[in-house]
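For reference, the structure discussed in these notes is given below.
Letters go in sequence order (proteins before strands), and every chain restarts at 1. All values below were derived from every heavy atom in this structure, side-chain atoms included, with hydrogens, water molecules and symmetry-related copies excluded.
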Amino acid sequence: MPSGEYDPETVEAKWQERWVDEDLYAYPERAVDPDTVFSIDSPPPTVSGSLHWGHVYGFTLQDFVARFNRMRGDEVYFPFGYDDNGIASELLTEDELGIKHQDYERREFQKLCREVTAEYEGEFTEKMQNLGISIDWDQTYQTISPEVQRVSQLSFVDLYDKGRQYRQRAPAIWCPECETAISQVETEDDEQGSHFHDIEFGVADSEEQRSSGSRTESDDSEESFVISTTRPELLPACVAVFVHPDDDDNEHLVGQEAEVPLFGQRVPILEDERVDLETGTGLVMCCTFGDQTDIEWYQAHDLPLRVAIDESGTMTEEADEYAGLSADEAREAIVSDLDDAGALLDKRAITHTVNVHERCGTSVEFLVKDQWYIKLLDKREEYLEAGEQMDWYPEKMFTRYKNWIEGLQWDWAISRQRSSGIPFPVWYCEDCEHVVIADREDLPVDPLSDDPPVDACPECGHDEFAAEDDVFDTWATSSLTPLINGGWDWNPETEEMELERPELYPFDMRPQGHDIISFWLFHTVVKCYEHTGEVPFDSVMINGMVLDENREKMSKSVGNVVSPDEVLEKFPVDAARYWAAGSAVGDDLPYQEKGLVAGEKLMRKLWNASKLVESLTEDAPAEFDHDDLKAIDRWLLASLDRELEFVTEKLENREFSKARDRLRSFFWHTFCDDYLEIAKQRVREGDDPSAAYTLQTAHKRFLTCFAPILAHVTEELWRDMYDETSVHDQPWPEPLGLDADVAAGETAMAVVGALRKYKSDNQLSMNAPVDLVQVYGDIHGFEEDVSGVMHIEELELLGEEPEIESVVTGVDLDYSLVGPEYGAQVPDIEAALESDDYEVEDGVMHVAGVELAPEMFTIEESREYVGEGDMLEAGDAIVIVQHAD
RNA sequence: GGGCUCGUGGUCUAGUUGGUUAUGACGCGGCCUUUACAAGGCUGAGGUCGGUGGUUCGAAUCCGCCCGAGCCCA
């Protein structure tokens with residue numbers, strides 16, 4: 001029996017442990033009906049990081065859905081993945097073990113990674129369990145595991161067979177410090193000090209002018225222009241000069257050729273909108289490659305390639321006499337030589353934004369490498385339709401997916417030149433470069449250690465092969481989680497890819513933060529769609545970001561990070577869950593201690609009310625004929641039916657905060673404040689099975705409905721009061737389907753409310769007796785309840801309205817009817833009403849030359865009681881109180 | 001710089017197919033021991049709905065511009 005105060009610290013830990021020990025959330029082995037399976041595909045978090053609010057928030061929202069669907073009878077598949085395949089885990093492993101990945105064979109290094117991350121995974125598991133998330137802990141996977149590597153490589157082979165992947169020489173982002181290619185998302189902007197060098201370029205005649213014979217001696221060496229650059233060492237890589245189309249001053253240069261100082265190559269002067277007119281002189285050189293724009297120009301204008309800096313940051317043969325110097329040394333030497341040649345007009349310090357590798361802060365370079373790509377551009381329409389097929393919660397977030405697809409300019413590069421990661425299962429013939437792909441049966445393979453599946457090249461018969469040493473982009477693996485969860489594998493007998501658990505796929509729900517819709521979600525949709533021909537998710541639930549209490553992003557450098565660990569030492573998990581349910585899905589949510597405090601208060605109210613219900617329902621009948629229910633009991637249960645209908649619909653639509661608030665409000669105000677006060681007297685003053693039954697029935701329903709949100713306190717109360725099986729295993733309540741005089745019940749409650757106010761206003765205690773109360777209004781069947789709870793000696797129902805003097809105070813128009821009908825005449829009508837210039841005849845109002853139908857207006861009256869006692873207005877009813885103070 | 005989202009009493013929020021008196025909670029003031037709960041109950045104050053211009057008889061709601069925040073892209 002619940003007694004004393006609720007002790008969340010002990011209770012929450014107890015249930016978290018038992019839920020796991022009892023396998024309460026286990027996905028049933030033989031659940032094979034796709035219609036009753038509810039499968040969730042959570043994006044696996046990076047395990048080497050610590051738990052942050054984003055995890056708590058995201059997983060809590062998923063848990064609401066999981067618990068709700070479980071109670072509705074679905075077999076819920078709620079797995080957990082550990083993303084330990086990223087660079088973060090590799091660095092962690094090197095750090096922890098004091099090793100370098102270069103010293104190990106790739107497979108061996110990954111084994112070490114698995115060992116190191118296992119420890120962190122344990123910690124992560126514990127924290128997730130401490131949040132009471134109803135994950136099935138028998139359904140877990142690690143992205144670095146050989147099984148997942150196999151799926152990743154199978155995906156590669158499948159897409160290659162389908163012609164969706166190709167290999168091409170293209171620019172890659174390169175970190176010269178780490179000597180690795182990195183993806184766009186691994187770079188970040190950094191403000192750095194640098195120098196602008198104003199360098200004079202000569203103008204040479206273009207081919208056209210030369211051939212047309214317009215060239216004169218003086219045109220040649222006389223004309224020049226100035227380019228400001230921070231990268232003079234890239235002069236040897238210069239392949240073009242660009243002018244903005246709106247740049248009138250330099251427009252005349254377009255079409256001519258420029259001569260690069262010191263190096264002498266002649267390059268075209270072209271026009272392009274991507275020139276930034278605000279920076280430097282408005283003229284810019286394009287070098288292959290100095291930055292991202294250079295790559296775009298290279299591709300858009302079909303420019304030649306001149307690579308002047310190699311992978312280690314050393315100047316190449318293109319740099320002539322500077323070859324072999326480091327980029328920094330070359331810059332100094334070139335600047336000095338430019339100065340000597342008179343081509344350096346100015347040098348000044350600036351700060352500008354550069355792309356740096358987020359791990360080491362080194363400015364990135366752009367190199368040309370052979371890269372593998374997945375085709376995207378040719379199927380943009382299809383992928384857009386795939387997105388449209390999913391239900392988006394909230395709907396508005398589909399726009400992000402749509403904009404992303406519409407803005408795609410390149411296919412997706414999936415190869416990374418990192419020395420750790422999941423390898424491409426590919427070899428190349430040393431002679432003819434024929435691509436040899438591993439056999440599916442052999443996967444996972446590492447070409448650096450394993451032999452190709454053929455002895456000789458099927459193309460040319462050559463028997464020497466070069467291993468592909470690239471690894472997959474991390475998204476290439478992360479985008480396969482529905483297939484990993486579904487047990488996707490090669491069946492050698494049917495020679496087809498098959499799902500071991502096809503009932504899970506497509507997954508019912510994909511949760512996703514709105515920040516990575518364009519990466520994680522998009523790539524997952526694309527790849528799974530290509531592999532299976534089906535959109536992998538029926539629905540997507542987007543969660544917002546957790547911000548600090550000033551609505552600003554939590555960031556270590558700003559120092560406004562609040563750790564969930566600290567907070568959960570102070571507050572119950574259920575309080576955090578209550579807070580998490582407090583925002584519209586998809587919206588950002590500020591961390592607010594007040595939100596958790598409100599949750600604690602609700603838990604306390606639930607606890608205390610349960611204690612009272614328990615004490616009142618010891619003799620409650622398990623069954624009770626609904627026809628024998630007293631009016632107020634019938635009214636309460638019928639009202640609860642309506643609330644449940646609302647709450648159920650909101651939970652179905654992931655409108656957690658609406659469900660939460662409505663449930664809370666009905667429980668607190670209607671059940672506790674109104675009903676419970678009345679029912680407790682009835683039960684205490686005499687045997688009242690109708691009240692006891694109603695109390696218990698309603699209370700059970702509250703516990704089950706609160707269970708998805710307040711998972712722990714409801715479990716404690718349920719198991720303590722009712723049943724040794726979990727509240728989370730109870731069926732979601734169906735409406736009882738009772739008829740009740742809802743209006744009379746509400747009027748009765750309004751009368752009670754008015755009397756409470758009367759007592760409060762007159763500084764009377766709530767249990768102070770009142771001599772006589774007369775009610776004009778329908779509270780039929782509730783008379784005893786009203787007089788009981790308000791301690792009324794005599795309650796009299798009036799058959800006709802008491803003596804009331806009415807004074808007309810104004811006229812209320814129903815604008816939704818008057819507006820469309822009379823439009824511009826509305827101000828005239830209002831003016832006439834203002835000056836009392838109107839007449840009402842047979843219910844029709846004549847005003848300002850028009851006639852208003854009865855439903856268009858209401859005469860407002862203030863009513864004054866002229867008889868004995870005090871008059872109270874209680875909704876539709878009028879209450880007269882006779883009380884001798 | 002571009003796109004998307006958000007902006008409602010001190011704080012968090014409901015309401016946005018246009019209808020005039022904007023919801024609830026937290027906090028704040030006042031009153032009340034009602035044998036579940038004073039961390040409770042009743043009640044009150046507090047908002048020209050980010051700013052500005054427009055459309056309309058009527059705008060928190062629709063449109064333009066501006067400001068602030070978040071995310072993604074450059």
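- Contact of A:Arg400 with B:C4 (side chain to base): a donor-acceptor pair of N or O atoms is detected under 3.5 Å.
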Verdict with reasoning, A:Asp720 to A:Lys611, per salt bridge (charged side-chain N to carboxylate O under 4.0 Å, His left out): CA-CA 11 Å; A:Asp720 194 0; A:Lys611 281 199 294 188; over 6 Å; no

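- Nearest-nucleotide mapping onto RNA chain B: of A:Lys757 and A:Glu830, the residue sitting toward the 5' end is A:Glu830.
- In this entry B:C4 has B:G70 as its Watson-Crick or G-U wobble partner, both defining distances falling under 3.5 Å.
- For A:Lys680, the NZ atom counts as densely surrounded, since its 6.0 Å shell holds more than 12 non-hydrogen atoms of other residues, nucleotides or ligands.
- The nearest heavy atom of RNA chain B to A:Asp587 and to A:Trp668 marks one nucleotide each, and the one closer to the 5' end goes with A:Asp587.
- A close approach under 4.0 Å does occur between a side-chain nitrogen or oxygen of A:Lys396 and OP1 or OP2 of B:C6.
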CA sep, side-chain torsions, deciding dist, call: A:Arg642, A:Glu746, salt bridge (charged side-chain N to carboxylate O under 4.0 Å, His left out): CA-CA 14 Å; A:Arg642 281 195 314 190; A:Glu746 273 164 14; 3.2 Å; yes

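- In this structure, the CD1 atom of A:Ile295 is 13 Å from the C1' atom of B:A74, given to the nearest Å.
- Side-chain N/O atoms of A:Lys605 include none lying less than 4.0 angstrom from OP1 or OP2 on B:G40.
- Across B:U55 and B:G64, the matching C1' atoms stand 11 Å from one another, rounded to whole Å.
- Distance CD1 (A:Ile678) to P (B:U34): 18 Å, rounded to an integer number of Å.
- Ring orientation note: the planes of A:Phe702 and A:Phe667 are nearly perpendicular, at an angle over 60° on the 30°/60° scale.
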